[in-house]
Amino acid sequence: MTSHSEKLGLALILATAFGCSSEQMDPHATRAQLVVTSATIDGASVPIAASAFGYNANVSSGPGWTGAGGPPSTPTFIGQVAALRPQLLRYPGGTIANYWNWRTGLIFADWPGNSPALDVPNTLEAFKAAIDELATDGILAEPLWTVNMMTRGAYDATAGTTVCDDANVAMDCLDDQVAMLRHAESIGLPIHRVELGNEFYLSGREAYAVRFADGAAYARECRRWTARLRTEFPDVEVGIVGFARDDEGGTGAARADEWNQLVHDAYVGAPSNELPDGFILHFYAGTGLRLIPGYGSCTTQACTQEAFDSTSGLAAMMATPFSQASYYDSVASKIPGAASPWTTEFNLADALLVAAGTWSHGIFLALEEGLFTRRSAIACVHNISGASGRYSLIFRDAAQYEPFTGSPVTPVYGLTAAGYASSLFARAVQDATMRSDVAFSLNPTRGLTPTSQYNALTGWVFERADGTRRVFIVNASEESFDVNTDAIVHAPATLSQMSAEPHTRIVNSTDLTQLDSTLTDSAHLPAWSLTLIEESAPVFIDGGEPIDLSTPDRDATVSPDATAPIDASLASDASTDARVDAGVPAQPSAPGGCACDIVAPQSPIRFPLAALLGLLLIAWRSTRSSRSSVGAIAASPSASARGQSMSAWSARRSSCLSMRAICLLSCSIIASNGASSVRNDLGSSSERTRLLKVGAPPLGTRCPC
């Protein structure tokens, strides 16, 4: 007679073998009434570059890492920077980089068309101290270097020597910047990514045209700098300046409009050591309010405010990040070689401070962050803090919204609306290795015209190496939603949420409605809200303990109390009887080092024939799925090495999920034989090993796939 456990094992084996394809074996697969299904452009999760999200760290106009406004050692400023969780900090940041004197931590003086003289030094040593202090808070930020390709001294109208010469004539400017990077390296700052200058496509700046007549001249110089930098720093990635047209049609200047094509053409035939890794794009999208019929000529604050308050105001504004995101596709043909977009500055451009600082600004920026990080290898928001509240994520002083009438007093070092939004998004993307989009079954559209429509709900899933997921959802509408989240995350999970009336200017935390709670199988999304859902442990099985899904490149180990490990790969050989070899570590039995051990007493184990055949079938399907996935990866010549690596990891993880199913099925069979525990390493390190205490699982237990 067949025992209860044998019946259960056979039932689960059949359910696993015949009811789950390679895609269906995802425990997050759709099983909700509302549409919360993971989806990506190519039908698979896409990798995220390490240290991909951060901020422009131009703090030389205040508060500065040291000096005026308080040193970074005070918990107020550096504590708020830590709340933003930067992975990257761009140094020295923005336009000032083209005039930067790294020895003083200030700009070379008196250049026309540049920012006012700065009096808050931002030295390499101060920058290093700030990064070290962030590290004590658990925030590991690295620099994104923007080098000075243009100036070598203070402005002198009678001397051309203050502008760098072409490298064929003199190498001193390049030598100087190599010296800067060498000094940074000597004090413990890594040299991983370097930008070659900032926004040289702009007209109206005298030195830009003197230094680089056009995009072709700039590209020729970049080729020389890139080759030298790669000689000095073999692992460095180099980015070159590209031009991103704004939402109202660009600058109208030929210099900018011709820039990308001239840069592209100058790289034709370039050797590999001169080709860039990144193509730098800066997005400063306007509010879109001038696109509303009747408001196309608005130039005053009163007129713009009226447009913002109109019934179409918010719809026009929220459509803008989506139209900006589409620009990545249009500029792709102008990117030299195999370079990736680097979006090293972006934010809402609202010079009149009508929408800037309101909660609509926070929603707007969160959309940009999610959309741009999906399309760009680097995404840095402008700016940590500065002279104006329209871009700042952290208020510098009490007058960030002056001189506009009725502007509120701003709390020094408080977060702005953009700062609050970024702090939540940064939590979502931190340590993520893969990402995918979320689709919703009921998702009404908004927008002014059929060509400017967007969905009320936009969401992304961010997955870490241990298998845990974070989901970030933007509700950019006046409606509330109840969303069943069972298909994308598993309990235990937490929910963190921010919402407010979109026209409210966010000055203090009390201006926001904030919620932190435990997630059930459904999430309520208020109007105009940002929601972060975080799994607190690796993938779970109903009614069981967590099973670790970690980086699948470690050898499996046997826990100290394991006296009889059984290699799950035995199931792949039906002619081999299951046996116990005490003290022999289990060997990886799936691609990528995945391993599955069953800890049992030293006694014979009875495996029903059906169980062995079922396990054999699962192993065969897993191997076929893995080979298919790897073959698809190999067939994509355009995939980068990093993308291939992450895609291969995804394929191996899918195979690991199959191995987990084998373990659990075997566990159900072994339970009646007196087994005490089962361990599923899946390639994790020994310190992350979890033991799953088992008895005979009840009928109806959900298949782990």
Side-chain angles (χ1 to χ4, degrees), residues 26-40 45 85 318 321 359-360 362-367 369-371 373-374 417 420-432 434-446 454-464 467-502 509 512-542 546 702:
D26 183 351
H28 297 275
T30 302
R31 45 182 200 282
Q33 293 180 348
L34 297 179
V35 189
V36 191
T37 56
S38 297
T40 57
S45 297
R85 288 176 167 78
M318 297 305 157
W359 184 234
S360 65
I363 297 288
F364 181 101
L365 184 61
L367 286 171
E369 289 168 342
L371 293 167
T373 54
R374 185 185 175 283
Y420 279 110
S422 291
S423 69
L424 198 62
F425 180 80
R427 284 171 55 187
V429 77
Q430 190 173 33
D431 301 325
M434 304 292 288
R435 66 172 294 157
S436 55
D437 297 340
V438 179
F440 302 89
S441 60
L442 300 177
N443 200 358
T445 57
R446 296 289 184 272
Y454 63 94
N455 289 118
L457 298 179
T458 306
W460 304 276
V461 174
F462 299 96
E463 186 167 344
R464 297 188 293 177
T468 56
R469 290 179 172 182
R470 298 187 181 110
V471 180
F472 188 80
I473 303 175
V474 182
N475 181 2
S477 78
E478 73 287 354
E479 292 190 58
S480 296
F481 295 84
D482 285 324
V483 179
N484 188 313
T485 59
D486 187 50
I488 52 174
V489 290
H490 280 71
T494 59
L495 180 147
S496 300
Q497 195 172 78
M498 300 177 181
S499 62
E501 198 283 322
S509 61
L512 282 169
T513 298
Q514 300 189 63
L515 173 67
D516 293 286
S517 66
T518 300
L519 180 74
T520 61
D521 61 353
S522 178
H524 178 70
L525 309 182
W528 304 105
S529 63
L530 305 178
T531 300
L532 172 63
I533 301 169
E534 300 178 87
E535 287 181 341
S536 55
V539 176
F540 275 69
I541 306 303
D542 284 358
R702 191 177 67 222

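- The structure places CG of Leu532 at 5.0 Å from CG of Leu424, a figure rounded to the nearest 0.5 Å.
- Across Thr485, Val471, Thr494, a single residue satisfies side-chain contact (heavy atoms from CB on, under 4.5 Å) together with Leu519, and that is Thr485.
- In this structure Thr520 satisfies the side chain to side chain contact (heavy atoms under 4.5 Å, CB included) test together with Ser522, sequence neighbours excluded.
- Across every non-hydrogen atom of Ala523 and Leu495, the tightest pair is CB-CD1, 3.8 Å.
- Rounding to the nearest 0.5 Å places CG of Asn475 at 7.5 Å from CD1 of Ile363.
- With sequence neighbours excluded, no residue satisfies ring pair (Phe, Tyr, Trp, His ring centres under 6.0 Å) with Phe481.
- Of all heavy-atom pairs between Ala428 and Phe462, the closest is O-CB, 3.4 Å.
- Shown here for Ser480 and His524, the closest heavy-atom pair between the two residues is CB-CE1, 3.8 Å.
- Distance check, rounded to the nearest 0.5 Å: CD of Glu501 to CH2 of Trp528 gives 9.0 Å.
- Side-chain contact between Arg469 and Ser436 is absent, with no heavy-atom pair separated by less than 4.5 Å.
- For Glu478, the side-chain hydrogen bond (donor to acceptor under 3.5 Å, both in side chains) criterion is met by Arg446, not counting sequence neighbours.
- In this structure, the ring of Phe425 has its center less than 6.0 angstrom from the ring center of Phe472.
- Residues passing the ring pair (Phe, Tyr, Trp, His ring centres under 6.0 Å) test with Tyr420: none are found, sequence neighbours excluded.
- Scanning all heavy atoms of the two residues, the minimum distance from Ser45 to Met434 falls at O-CE, 3.5 Å.
- Interatomic distance, Ile488 CD1 to Ile533 CD1, rounded to the nearest 0.5 Å: 5.5 Å.
- Residues passing the side chain to side chain contact (heavy atoms under 4.5 Å, CB included) test with Ala426, sequence neighbours excluded: Phe53, Tyr55, Arg85.
- The two residues Ser422 and Leu365 make their nearest non-hydrogen contact at OG-CD2, 3.5 Å.
- Of the inter-residue distances, the one linking Glu479 atom CD with Leu525 atom CG reads 12.0 Å to the nearest 0.5 angstrom.
- In this structure Ser496 satisfies the side-chain hydrogen bond (donor to acceptor under 3.5 Å, both in side chains) test together with Arg427, Asp516, sequence neighbours excluded.
- For Arg470, the salt bridge (Lys or Arg N to Asp or Glu O under 4.0 Å) criterion is met by Glu534, not counting sequence neighbours.
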Is there a side chain to side chain contact (heavy atoms under 4.5 Å, CB included) between Trp359 and Leu512 once you walk through the steps?
CA-CA 8 Å; Trp359 184 234; Leu512 282 169; 3.6 Å; yes
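- Gln497 has its side chain out of reach of Gln514: every pair of non-hydrogen atoms, C-beta onward, lies at least 4.5 Å apart.
- For Asn443, the side chain to side chain contact (heavy atoms under 4.5 Å, CB included) test picks out Phe440, Asn455, Ala456, Leu457, with sequence neighbours left out.
- Under 3.5 Å, the side chains of Glu463 and Thr468 contain no donor-acceptor pair of N or O atoms.
- Minimum heavy-atom separation, Met318 to Ala476: CG-CB, 4.2 Å.
- Qualifying side-chain hydrogen bond (donor to acceptor under 3.5 Å, both in side chains) partners for Ser529, counting only residues two or more places apart in sequence or in other chains: none.
- Residues satisfying the side chain to side chain contact (heavy atoms under 4.5 Å, CB included) criterion with Pro321, sequence neighbours excluded, are Phe364, Leu367, Glu368, Leu371.
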